[in-house]
Amino acid sequence: MTNRSPRKKMPAQQVNSPPPPSATGFSTLHPDIVEAHILPRLDGPSLASAACCTTTLRRHSGQDNLWSNICHSTWPSTAASPQVSQLISAFPNGGPRTFFSHAFPLLTDQSCHGHSSLIPPPPELLSAVDIKYHDNLIFTKLHETSTDGGWFRSSPFRIDLLEPKDVVPTAVKYLAGDESAAEILDSMTLSWILIDPIGRRAANISSHKPVAVQRHWLTGELQVRFASILATAGHGHVQAGIVVTCGGSESGEMQVREVKLEIEDVDGIQLNGKDSMVILEGALAGKKGTGKNRVREGRRRYREFEKTKRERRERKLRTEGALDMLCLASGVSIVLAFWCYFLCR
């Protein structure tokens, strides 16, 4: 008989199993590394986005010192006074994190619409203003404005940060040619944060980047305009316009010669302090945007405002022209009627 060798068993097919979980995930990092070396490198919007990822990141991202550093680095004017730093830390529901959420986004189109004028405006306003050129700080100031005087309420609203003869030198080369307007339009940013120290509220009334740049016809200085267009119940749409006037020194460097804030309606009439404070109270108490596309949105609103303003001016001119023709026709008719009566006697 032939000896049969035993049949060898084939090895069973191996099933590919998933690799073991990595032990080097983000959650395994020491909290001190996250708080001291990772989160401080983020800007405000990135830190807010990180807080929405996980519960752990939300806890780490809510530290007041992180948001205080972000506020001071984003707006150096907020660090100009210890009192302002304490005021920002005392903002309700988050301190500096709440302040950032008020001051970073562009105001919504309906910020002041429907706001009740029965709420008294704040007796004083703080203006934290920072101007940057190519992300380099060229102007910063913290300005206090008293709003409870009779002269302020009845006079045209205007906040000037510089005296008429004051100039602020910069390390930026002043371009005198036609390319200077386009360069400033792309490279200059401005933040004008209004702070209510009593109600602990804030609002940024700047468009972040210029909405228009034009050269003064007489002095040749560049007038850089930033603006927020607000919808109100009593005046329709109004413009909170910020004008930065820049000129050149003998050495060829740029000088900041004027920084002012005014509020005007769609007819180009400048509002007084009383009406302006009602509008600004609505901006402080109203809804804030998300901060997305704030430059494009701000310029779009400004173009629409200027278009409406131009159409109203043209319509007014046509109406006045028609009235002038009617008055002229009436005068001619009266003269002709008089002569007809005199000749027919």
If only side-chain N and O atoms count, and only distance matters, is there a donor-acceptor pair under 3.5 Å linking [Y] with [X]?
| X | Y | result |
| --- | --- | --- |
| S251 | E253 | no |
| S180 | R215 | yes |
| T140 | D130 | yes |

Are [X] and [Y] close enough that some pair of their side-chain heavy atoms sits under 4.5 Å apart?
| X | Y | result |
| --- | --- | --- |
| F157 | L261 | yes |
| E221 | Q255 | no |
| I88 | S68 | no |
| R299 | L185 | yes |

For this session: Identify, with sequence neighbours excluded, every residue that meets side chain to side chain donor-acceptor pair (under 3.5 Å) alongside T189.
Result: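 Partners of T189 under the side chain to side chain donor-acceptor pair (under 3.5 Å) test: none.
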
Exercise. Which residues pass the side chain to side chain donor-acceptor pair (under 3.5 Å) test with E264, sequence neighbours left out?
Worked result: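 Here the qualifying residues are Q239, K309.
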
Testing the basics here: between [X] and [Y], what is the closest heavy-atom pair and its distance to 0.1 Å?
| X | Y | value |
| --- | --- | --- |
| L107 | N204 | CG-O, 3.7 Å |
| V129 | S77 | N-OG, 3.5 Å |
| I193 | A202 | CG2-CB, 4.1 Å |
| L125 | L280 | CD1-CD1, 4.1 Å |
| V168 | I138 | CG1-O, 3.9 Å |
| C71 | P96 | SG-O, 3.5 Å |

If you count the non-hydrogen atoms of other residues, nucleotides and ligands that lie under 6.0 Å from [atom1] in [X], is the total more than 12?
| X | atom1 | answer |
| --- | --- | --- |
| D324 | CG | yes |
| E314 | CD | yes |
| K316 | NZ | no |

Problem set entry | Name of the residue among S127, S228, S207 meeting side chain to side chain donor-acceptor pair (under 3.5 Å) with W192 |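 Exactly one pass, corresponding to S127.
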
Exercise. What residues, two or more places apart in sequence or in another chain, satisfy salt bridge (Lys or Arg N to Asp or Glu O under 4.0 Å) together with E304?
Worked result: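 Partners of E304 by the salt bridge (Lys or Arg N to Asp or Glu O under 4.0 Å) criterion, ordered by chain and then number, come out as R300.
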
For this session: Identify whether the distance between the nearest side-chain nitrogen and carboxylate oxygen of R315 and E311 falls below 4.0 Å.
Result: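 Looking at R315 and E311, the cut-off is not met.
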
Exercise. Going by an N to O cut-off under 4.0 Å, is there a salt bridge joining R313 and E306?
Worked result: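 Result for this pair is no, no salt bridge flagged.
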
Exercise. If you look only at pairs with a residue in residues 133-158, which of them pass as a salt bridge (Lys or Arg N to Asp or Glu O under 4.0 Å), with sequence neighbours excluded?
Worked result: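 Output for this query lists R158-D160, R158-E258, R158-E262.
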
For this session: May I ask you to decide if W75's main-chain N or O and T78's side chain share a donor-acceptor pair within less than 3.5 Å?
Result: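 Checked: pair present.
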
Exercise. Can you name the ring pair (Phe, Tyr, Trp, His ring centres under 6.0 Å) partners of W67, sequence neighbours left out?
Worked result: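 For W67, the residues satisfying ring pair (Phe, Tyr, Trp, His ring centres under 6.0 Å) (neighbours in sequence not counted) are F100.
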
Problem set entry | For D43, side-chain contact (heavy atoms from CB on, under 4.5 Å) partners two or more places apart |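 For D43 the side-chain contact (heavy atoms from CB on, under 4.5 Å) partners, ignoring immediate neighbours, are P45, S46.
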
For this session: State which residue, out of V167, V172, L162, fulfils the side-chain contact (heavy atoms from CB on, under 4.5 Å) condition with V256.
Result: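 Among the candidates, only L162 passes.
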
